[in-house]
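So the structure is just underneath, and the comments pick up after that.
Below, chain A is the first sequence line, B the second, and so on; all start at residue 1.
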Protein chains: 2
Amino acid sequence: MHDFLFQIQRSSSTSLQSQIRQVLVSAILAGQLPADERLPSTREMAKTLGVSRNTVLQAYLCLVDDGYLLARDRSGYYVNGEIKQVGLEAPLNQADVRAQAQQGVNAKGMNWRSKFRVQPAHQHNIQKPSRWHDYPYPFNYGQIDHKHFPIAEWRDCSRQGLGTKWLDVWTKDAQDQDDPMLVEQIRTRLLPRRGILASTDEILITMGAQNALYLLASLLVTDHTTVGFEEPGYPDARNIFDLKTKRMLPISVDEQGMVVDSRLDMCDMVFVTPSHQFPTTVTMTRGRREALMAKAIERSMIIIEDDYEFEANYLNQPTPALKSMDRGGNVIYVGSLSKSFFPGLRIGFLVGPREVIDEARALRRLMVRHPPCNNQRTSALFLSLGHHDALLHRLNRIYRSRWQEMGHALKKHMPNSSRAPSFGGSCYWVRGPDGLDANQLAIDALKEGIVLEPGGIFFCTPGAPKNYFRLGFSSIEQQQIEPGIRLLAQIIDRQTNATAAAPQYERSGP
Amino acid sequence: MHDFLFQIQRSSSTSLQSQIRQVLVSAILAGQLPADERLPSTREMAKTLGVSRNTVLQAYLCLVDDGYLLARDRSGYYVNGEIKQVGLEAPLNQADVRAQAQQGVNAKGMNWRSKFRVQPAHQHNIQKPSRWHDYPYPFNYGQIDHKHFPIAEWRDCSRQGLGTKWLDVWTKDAQDQDDPMLVEQIRTRLLPRRGILASTDEILITMGAQNALYLLASLLVTDHTTVGFEEPGYPDARNIFDLKTKRMLPISVDEQGMVVDSRLDMCDMVFVTPSHQFPTTVTMTRGRREALMAKAIERSMIIIEDDYEFEANYLNQPTPALKSMDRGGNVIYVGSLSKSFFPGLRIGFLVGPREVIDEARALRRLMVRHPPCNNQRTSALFLSLGHHDALLHRLNRIYRSRWQEMGHALKKHMPNSSRAPSFGGSCYWVRGPDGLDANQLAIDALKEGIVLEPGGIFFCTPGAPKNYFRLGFSSIEQQQIEPGIRLLAQIIDRQTNATAAAPQYERSGP
């Protein structure tokens, strides 16, 4: 036992006591500390590790409580031989283990390719560098700026949500039910601001907005369904519908939002992001909204409204949701809390006619049963204590300022990059010079510390323009914006001048 | 303002300060406290509520930080008129609101019924009384006994998981990625005990075992796929497959587990619960396992193994998973942490060939993106600190004792209820007398305080027996078992004697 050494990391966010437990438990389960082995005394262990004797004692006592160790009077602490019986004494004979290891679990007997009904891994989707915070100019999109997130408040709500009083709420199998406190917060606090009055049975909690779309597509789209889809539009949503039907009809977007014309007559369903169109950020005008609603009623068309970044308007008040104009019951509304809380949370919701919600609830039961109860309760508390409103208030102030800075910098350094008018959101949709290849630009810019998203992925029609890109401002510091845009403008100039000089593309890359 | 009264609940698990904040925020947002209204002084408020002045002060200061209140020197605290601008100033004109309320969101313009591609709300599934803890004899299944769950340890892991160090881990949009710490815990701690060696890219975290099954069915089942399914079997899984294909072939289960015979020759895929068959708890014998594997290799058949309650063996050591015998790469393994942590959590995992995991990961991205990052990290810590092993150890001891008590009581009070041999699990599968209608029994028993699950829901073939029922023992106290079984036996006697006397069924009920 005396050669049993381990490291304690003082800088770790795991407590010293926890670290001691963790290492001992692993060693016991892995058999490195065999049954009935005597552990070093608390005094010896404390000295070896350079921690207080009490820390070691607490760790040992916990392990006695949990059955890993036995305390023998005046003799010390011993490994409990019985603890491993919970697991599998002899998982396999060793020859089997070796044979399996050599062969790999992924044996080649099966032709899996022929078994797939769908192959979503072959779809195109947004690629994001995961280490964006390592770059000086992270114009990436959809990740939060930690500095402005109310971490202490979220932790406090989490702690309260895990309270003994609510034990049943967060531990139970809720089957197909939602946390009533969260539904009530959404119903009375969020929806009225969007102009929506709904009853509790017209609301369903989902695993984020995307799960809401997946549920709707599974429920309502067959291979005969024609779905109208914004062009450019949201690739994840397009990929979801694409699994269910090949009849996707691109509907163009102009400076008033989605164009409402005879193309919609061919659609059974239309997906639309009226608050801030994804990715152009255009807000759909009142006139367009009325025309779309009239068309939907006339043709019994389903509208799926993704009420995307509704709160992020910097010049005007937010426009009410399309759902608030829904006289015919055609609109199903999709909202998200992941965006405004934090993206890792995955909480969203659906609002729609009762019969749609009933079926969506039954389908969700099969798909995931329900979003985790602890997160539903924490979210409900975060809303009810006003933290969410405070966060929106704060982010709105910060984003408005960044949005203005972005606007000035783009005007100054890329005066010719004509843009659709932007009233908000958390990004700019930029059209570069005609010769620009935004995919190549993203590669070149990353080398100089700029993260951006090329726009090609948002289009689905062949021959779509290659010179669009998206610049987010939810992650980048205010003071980095102007220098970043200036640098980006230089890279674009370099690339387009090179292209003009050598019209034969000689670069490698996509 | 002086008539602005609210209640403080001292017994609430929400802190007094939080309660004050919560009520003020609601009142501000609902307009009950208009802009620029002066709040009562901290002294007045403290007196009215009977709390300390400091509690009120802290609540006010928090609300100032968040922008709800403004502090004016020497004058007091005022409602900030700007806070509501984050939301929608005038959501709708009031006439619109009234019209919408009268009409209901669920307007009748659309014929939704004709729009559904599937109607899962029409499927049959297990119905459970939600208030089972109010009954003296809760023989229900699948909910945990709070007394034995390590609440403090889970809270501690949650607190650590929400640490600032790991902020990026729990807040970020992980897109299609899993928490590497959790994958590593599953790979090195859980799977070896089941005899499974897997690499990280052969593992996918899911929203519980059920989400894993949903992913597999979506990926691998078309309407031409024939799926072999245990009879009796797991209704949720059957309902999932039923959404994708009508070719479900019931495969009977005897005292050795699923019967392996020529019926399987018609199957492209088979769903099996070898550790403890659901609902009979039978452990599949070694011989049957070998026969099933041979059949799968011979016919290129996919096996979906739900490794259900593997840890709950009270007489023998757990048998290794079928996946550990998988030489041809035919088996996809489904595991759950929701069952052994707590059901509300929804964490499970898939183990399979890399190409299957790749597609399942892409599909999961569309369906839910990823299980919530905070819960993944908390689970990883809970595993790594040994809390999960300690919990299994403890539950095993408790369940073994309840299982024995159940066995004795059943033998004593229902000597004729022949049962398939049970080696573990958390329930008994009981065959009542031939004339018994278990649906009626469940209704009658509930009136006398006994919760049980009638067995009809587990069968899918027409004319299936009606006299089976399931008695769980994960929720019921040890000392309630014997009296509960005794009472149940009396109710059964009463029912079957009544039936014998009056063979014409005259009862109402299902």
Indicate yes or no: at least one non-hydrogen side-chain atom of B:Pro371 is less than 4.5 angstrom from one of A:Met207. no
I'd like to verify something: which residue of B:Val118, B:Ile297, B:Thr222, B:Leu219 has the highest number of heavy-atom pairs under 4.5 Å with chain A? B:Leu219
For A:Phe116 against B:Glu355, the heavy-atom pair lying closest together: CZ-O, 3.6 Å
Check whether B:Ser158 gets within reach of chain A through its side chain, its backbone, both or neither, counting any heavy atom under 4.5 Å. side chain
Yes or no on side-chain contact (heavy atoms from CB on, under 4.5 Å) for B:Arg346 and A:His370, after CA distance, side-chain angles and deciding distance? CA-CA 8 Å; B:Arg346 316 305 313 143; A:His370 51 78; 3.6 Å; yes
Carefully, step by step, assess B:Cys62 and A:Glu153 under the rule side-chain contact (heavy atoms from CB on, under 4.5 Å). CA-CA 10 Å; B:Cys62 269; A:Glu153 287 79 358; over 6 Å; no
Can you say whether B:Gln123 sits under 4.5 Å from chain A via the side chain, the backbone, both, or neither, judging by heavy atoms? side chain
Does any backbone or side-chain atom of A:Gln175 lie under 4.5 Å from a heavy atom of chain B? Answer side chain, backbone, both or neither. side chain
Do you know which of A:Arg155, A:His122, A:Arg113 has the most heavy-atom pairs with chain B at a distance under 4.5 angstrom? A:Arg155
Counting only heavy atoms closer than 4.5 Å, note whether B:Asp156 contacts chain A via side chain, backbone, both or neither. side chain
May I ask you to test the A:Tyr214-B:Val368 pair for a side-chain heavy-atom distance under 4.5 Å? no
Any heavy-atom pair between the side chains of A:His387 and B:Arg21 that's under 4.5 Å? yes
Evaluate the criterion side-chain contact (heavy atoms from CB on, under 4.5 Å) for residue pair B:Asn239 and A:Arg365; output intermediate values, then yes/no. CA-CA 10 Å; B:Asn239 285 338; A:Arg365 176 189 175 138; over 6 Å; no
Hey, are the side chains of B:Ser218 and A:Arg117 touching, using non-hydrogen atoms and a 4.5 Å cut-off? no
Kindly give the heavy-atom pair with the smallest separation between B:His393 and A:Asn80, and that separation in Å. NE2-ND2, 4.4 Å
How close do A:Ala362 and B:Pro120 get, counting heavy atoms only, and between which atoms? CB-C, 3.5 Å
Rounded to the nearest 0.5 Å, how far apart are CG of B:Leu363 and CD1 of A:Ile240? 9.5 Å
Main-chain N/O of B:Gly329 paired with A:Trp112 side-chain donor or acceptor, under 3.5 Å: yes
Can you check whether A:Val25 reaches B:Arg189 side chain to side chain, under 4.5 Å on heavy atoms? yes
Checking the side chain of A:Asp173 only, and the main-chain atoms of B:Gly344 only, is there a donor and an acceptor separated by less than 3.5 Å? no
Where do B:Asp358 and A:Ala121 come nearest, in terms of heavy atoms and distance? O-CB, 4.0 Å
Looking only at heavy atoms, which two atoms of B:Asp236 and A:Arg369 are closest? And how far apart? OD2-NH1, 3.4 Å
B:Leu243 versus chain A, the contacting section by heavy-atom distance below 4.5 Å: side chain
Short question: side chain of A:Trp154, backbone of B:Leu162 - any donor-acceptor pair under 3.5 Å? no
Please rank A:Leu345, A:Ile302, A:Ile151, A:Asn374 by heavy-atom pairs under 4.5 Å with chain B and give me the top one. A:Ile302
Indicate yes or no: at least one non-hydrogen side-chain atom of B:Pro353 is less than 4.5 angstrom from one of A:Met110. no
Run the side-chain contact (heavy atoms from CB on, under 4.5 Å) check on B:Lys115 and A:Val356 step by step: do they pass? CA-CA 10 Å; B:Lys115 306 276 186 187; A:Val356 175; over 6 Å; no
